[in-house]
Amino acid sequence: MKLTRSQWIRIIVALTVVLAVSACGKKKVASTPPPPPPPAPAPTASLTANPNTIQAGQASTLTWKTDYATDVTIDQLGKVDPSGSRAVTPAESTTYHLVAKNDSGTQEATARITVMEAPPPPPQQTSNDSDAQLFSSNMKDVFYDYDSYDVSAQYQQVLQADARFLQQHKSLKFTIEGHCDERGSTEYNLALGDNRANAAKQALAQLGISPDRMRTISYGKEKPFCTESNESCWQQNRRAHFVYQK
Amino acid sequence: MKRYRASLLVLFVLFAIAGMSAQDWIRTGTGLGVEKVRLAVPDFKPVTTDTGTQNLSAVFNVTLWNDLQSAGIFDMVSKSFYPLSVPGAPREVHLSDWGSPPPSASMLAFGNLGVQGGSLSVQGWLYDTKNPQSPQVLGKQYREQANDANARLIAHRFADEIILRLGGGIAGVAETKLYFVSKRSGSKEIWQMDYDGADQKQLTHMGSIALSPHVSPDGTRVAYSGVTKEGWQILMYSLELGRPVNFQHFGGDNYSPAWSSDGQTIAFSSSRSGNTEIYSVSSAGGSARRLTESKGPDVSPTWNPKTNTQIAWVSGRTGLPQIYTMASDGTNVVRITDQGYAVSPSWSPNGQFLAFAWVRHYGPGAPGASDIYVMDVASKQWAQLTHEEGRNDFPSWSPDGRHIVFQSSRTGRVQIYSMLADGSEVRQLTTAGENTQPNWSSK
């Protein structure tokens, strides 16, 4: 009885193995002989750009899909995968050209990305923007010692450079903001900031800059450039800050 | 007698100053020349029983107790000493129970309150326990629409009546307001609150920066400074109209306005000359008169409200800011502080004292921070009121001269506190956002 049972088990195991092997074998048998080359269809291809209109500097995404192709190229990108997508940032309007090839043919697809120039700002605006940039990149602020509104020799030199710039750009008007560090009292710092702004104004006036071009305002300790409580930060906040005025 | 009592507080501050001129700390209490009135204030008896009455009566009782407690002239008898049966009307009073130990009260304030037909009625009495023949000092009756604000208002009025009777004829401050700067809305704006911190309201909506509110002596307008298209200008908010009203604009930056106590003149700081100087102008507008002439910053004027012939202010003419006084025409300049960094003067209603913020020992590693001080203007003797608790600034006197409101960073962010003029009974009034530059109304 026991023997018979173990024999049965062996038989079942053997059968299972044979079946499994034969199943695997069948597959091999099926793939082993190269199938007759299917009548290769001509490749298909599509190419889209999303968005297809961008501002200069922005990116668009090209997406393409091909079937049956063995060789896919996009003119501007070179050889690419049969299907895929890629972000592009054309500098000017561009028509992307995809070519998908195989032995039986070639399929082309195109997508155009239109690049808009930045909207032309009103002429006045342009001149203001560039003036503002010119101003802020040339005018250097004056920094002060604690509780002081005296322009030190170092910043007298800075003001001389500022004055040279202002004399070359006589149309520019500006505001001088007086700022203070966080220590001390709100009202006293407002007054101190005014004295700082006015010290810078008077120094520029002595260097030949017309007072009509300059306004002053104190922000005391109300608008700090730096908000940490340490000397390097406080130093940043004790200043006469030049702001271009439209 | 009234005059004598009125000067009691002044005297006791003077005692403190005279004895302490060389000390940083003063400690005051009932043993320093003023015997505070022992006052018992049992909760007012509710005569109606709905929940509305219970809520309003809780608001009323807390407000009345706090008003009297913070008045600075009473020794409030703890409620745990009170007899079990609390009177709500004169016929329920057993004076001997209150006048003898344990309460040993010399005065008893009691009464009742009820809500009927949407109105809150309060009856209140003040009895002298030492005068059983004719004990009534005060009997008052109030009726207002029933809501929390009116429960507080009635409590304030009754407290002020008691304070007027027992405080030497000086009106209490329970109905006064405080004006201040708050940044809780995002930008610094002018706000208003009751003297005890209740009912905080935003007044201005500039969206730029508003600073330095100073309410007119008649309580109808708040002068302040704000950033406008023309820089800093003195601006005016009408409390009657509930909106900003026009005030004259000047050249340069203009800030730190201060009303004279007759409401006729506003002193302020202006940079129109290229230097910040103190000017004065009629509160009706007109041309401004320049009062100072110095190279350094001049700012934060305050009038001697007793005479309106003197102005104290802050000047940086010799370096770090110091307090000076001058006649209101700019003559007779006297330097008041002799060292450190001294700012934000506020002149006491009786003309005798200047409160100000002082970093007395200034410099790296020096001890102490910005604290509130009171100085006797004539003798220049001073007393320090705050001690080693954050940076304290912008003191402003209450109209009775018994309290000072100020800003302090003692809990981290800057908040507004009030205290008695001897530095005791400190109370925090604001908690939301950052709150600065309090100014106490005169009424």
Side-chain angles (χ1 to χ4, degrees), chain A residues 144-151 173-206 209-224 227 229-231 234-235 238 240-241 243 245-246, chain B residues 181 183 187-188 208-212 225 227-232 251-257 268-278 295-301 313-316 319-322 341-345 356-359 362-364 369-370 391 393-394 407 414 436-437:
Chain A
Y144 295 88
D145 289 339
Y146 178 69
D147 195 51
S148 167
Y149 49 93
D150 292 330
V151 178
K173 293 189 170 189
F174 57 100
T175 299
I176 310 174
E177 296 178 354
H179 293 270
C180 302
D181 70 38
E182 63 171 354
R183 295 171 293 174
S185 189
T186 302
E187 284 181 357
Y188 188 73
N189 275 319
L190 270 186
L192 185 60
D194 259 317
N195 278 38
R196 283 177 179 161
N198 275 300
K201 178 181 176 179
Q202 280 157 23
L204 285 172
Q206 278 176 2
I209 307 304
S210 163
D212 297 342
R213 300 172 62 186
M214 305 183 262
R215 286 175 55 180
T216 60
I217 187 168
S218 172
Y219 283 111
K221 58 175 183 175
E222 303 299 320
K223 285 190 169 183
T227 55
S229 295
N230 56 52
E231 175 51 35
W234 291 330
Q235 175 63 78
R238 297 192 298 263
H241 176 51
V243 179
Q245 186 189 314
K246 281 175 191 168
Chain B
V181 173
K183 212 177 173 179
S187 55
K188 287 193 174 178
S208 57
I209 309 170
L211 292 178
S212 310
S225 34
V227 174
T228 71
K229 284 174 187 168
E230 298 164 82
W232 288 91
D253 281 344
N254 304 275
Y255 34 75
S256 68
F268 63 102
S269 178
S270 176
S271 70
R272 72 173 76 181
S273 70
N275 225 322
T276 47
E277 305 286 0
I278 305 295
K295 194 167 165 279
D298 289 284
V299 69
S300 306
W313 85 105
V314 176
S315 181
L320 289 174
Q322 303 294 331
Y341 186 110
V343 291
S344 312
F356 56 99
W358 202 5
V359 185
Y362 203 84
S370 175
R391 293 185 302 278
D393 199 356
F394 290 104
Q407 72 179 50
V414 191
T436 53
Q437 294 193 293

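Values below: every heavy atom of this structure, side chains too, minus hydrogens, waters and symmetry copies. Order of the sequence lines sets the chain letters (A, B, ...), proteins ahead of strands, with each chain counted from 1.
- Atoms CG and OG, on A:Asp194 and B:Ser273 in that order, are 10.0 Å from each other to the nearest 0.5 Å.
- Of the listed residues (B:Asp253, B:Val314, B:Leu320, B:Val299), the one with the most heavy-atom contacts under 4.5 Å to chain A is B:Asp253.
- To the nearest 0.5 Å, atom OG1 of residue B:Thr276 and atom OH of residue A:Tyr149 are 8.0 Å apart.
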>> Please determine whether side-chain contact (heavy atoms from CB on, under 4.5 Å) holds for the pair B:Leu211 and A:Glu222, giving the CA-CA distance in whole Å, both sets of side-chain angles, and the decisive distance to 0.1 Å.
In response: CA-CA 10 Å; B:Leu211 292 178; A:Glu222 303 299 320; 3.9 Å; yes

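- By the neighbour-count criterion of 12 heavy atoms within 6.0 Å, atom CZ of B:Arg391 is sparsely surrounded, having that number or fewer from other residues, nucleotides or ligands.
- Taking CD of B:Gln437 as the reference point, atom CD of A:Glu187 lies at 5.0 Å (rounded to 0.5 Å).
- Proximity to chain B (any heavy atom under 4.5 Å) is shown, for A:Thr186, by both the backbone and the side chain.
- Heavy atoms of B:Val181 lying under 4.5 Å from chain A are absent altogether.
- The part of B:Asp393 that comes within reach of chain A is its side chain, from C-beta onward, which places non-hydrogen atoms under 4.5 angstrom from that chain.
- Contact of B:Ile209 with chain A is made through the side chain alone, with heavy-atom distances under 4.5 Å.
- Remark: A:Ile217 CD1 to B:Glu230 CD distance equals 11.0 Å, nearest 0.5 Å.
- Residue B:Ser370: no heavy atom, backbone or side chain, is found under 4.5 Å from chain A.
- A side-chain donor-acceptor contact under 3.5 Å links A:Asn195 to the backbone of B:Lys295.
- The aromatic rings of B:Tyr362 and A:Tyr146 lie parallel to each other, their planes meeting at an angle below 30°, with 60° marking the opposite boundary.
- How far OG of B:Ser256 is from CG of A:Leu190: 8.0 Å, rounded to the nearest 0.5 Å.
- Separation of atoms OH (A:Tyr188) and CH2 (B:Trp313) is listed at 12.5 Å; rounding is to 0.5 Å.
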